Amino acid sequence: MGQLDGKVAVVTGGSSGIGLAIAARFVQEGARVFLTGRREAELAAAAQALGPWVIAVPGDVTREADLTRLYTAVEAGGSPVDILVANAGGGRPAVLADLTEDEFDLTSDLNFKATFFTVQRALPLFKDGGSIVLLGSAAGSGGSRRFGVYAATKAAVRSMARSMALELAGRGIRVNTLSPGPIATPSLAQAPAGVVEEATGRVPLGRPGRPEEVASAALFLASDESSYITGIELFVDGGARQV
Ligand code: NAP
């Protein structure tokens, strides 16, 4: 028997990295998972690899029309949503002097604004007693060379989660932030020389994490195992911001 048997989950940014690992773990635990991402071929390949319990709905979470399409597909599935993981996120590393206004807006729209509306638009379909997990970052809890705007948007995510947890507690909906440290995903692999070494150098456990290690924490927050936990920030960072 799986920990998520019979549950319906929505995972944004699910065609690679952490989102893909979370979707895979949720399916393994018995959930039906709606998965979204912009690149159709990658998303279709991910869904096919994960099997018939995954429904791929291509789209960009920063676009209102795409969020509508996602949730229309979810509604057509006929069951309320038990779990939402707002995972889509990212941002190009750049020092203060180099980041352009367009890059600022892209990072802010994706990590901050789209996370808010991904949650807001899910609420009419959400089951009372469900669980919402927002992807923050350990970067949001400290100063960051080259990731200043990204870090600020993730601090905003953490702040939003507190308010959402308060507002949704009356419906029994829990809202928590899951904040990874450096995790070996495609986005980390594309980082400029030195970024991974610098980030990993701060990790007491001495290595980057694996997406599956973040998925285990996501499963905990999504499942009834965390039924008395809301508003927290759970770090999966090898101790980087903890010691
Ligand atoms: P990743 O490997 O680059 O994967 C990102 C996923 O999100 C992809 O499936 C991507 O697919 C999708 N995506 C990106 N922009 C999107 C958009 N506008 N609309 C819909 N989907 C979108 O990233 P990751 O490393 O797994 O990161 C996942 C989350 O964890 C992010 O929120 C990130 O900030 C956070 N995080 C990661 C690390 C790390 O070290 N990896 C550390 C701390 C926090 P498409 O490109 O096809 O859309």
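Order of appearance sets the numbers: ligands from 1, and atoms from 1 within every ligand. Side chains included, hydrogens not; waters and symmetry mates left out as well; all remaining heavy atoms used. Everything numeric in this text was worked out from a predicted model, so none of it was measured.
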Min over S137, S187, P182, G181 of heavy-atom distance to atom 38 (C) of ligand 1 lands on G181
Derivation and outcome, side chain to side chain donor-acceptor pair (under 3.5 Å), residues R32 and S79:
CA-CA 10 Å; R32 187 151 55 95; S79 305; 3.3 Å; yes
All N/O donor-acceptor pairs, side-chain side in residues 198-205, below 3.5 Å, sequence neighbours left out:
from, atom 1, to, atom 2, distance (Å)
E198, OE1, R146, NH2, 3.1
E198, OE2, R145, NH1, 3.4
T200, OG1, V196, O, 2.8

Does the N or O separation between S15 and ligand 1 drop below 3.5 Å for any pair?
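Right, the criterion is met.
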Review point. At the 4.0 Å heavy-atom cut-off, does A184 count as touching ligand 1?
Key: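 No, that is not the case, since the closest heavy atom of the residue is not under 4.0 Å from the ligand.
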| Heavy atom of P208 under 4.0 Å from ligand 1? |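 Heavy atoms of P208 never come under 4.0 Å of ligand 1.
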Contact region, E42 to ligand 1, non-hydrogen atoms below 4.0 Å, reads neither
Heavy-atom proximity to atom 45 (P) of ligand 1 ranks first, among E40, K154, R39, for R39
among protein heavy atoms, the one nearest atom 19 (N) of ligand 1 is V61 N, 2.9 Å
(request) Would you please name every residue forming a side-chain contact (heavy atoms from CB on, under 4.5 Å) with R63, sequence neighbours left out? (result)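 For R63, the residues satisfying side-chain contact (heavy atoms from CB on, under 4.5 Å) (neighbours in sequence not counted) are D60, D66.
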So the atoms of ligand 1 within less than 4.0 Å of a heavy atom of L135 turn out to be 30 (O), 32 (O)
Does only the side chain of L110 get under 4.0 Å from ligand 1, or the backbone, or both, or neither? Count heavy atoms.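 The answer is the side chain of L110.
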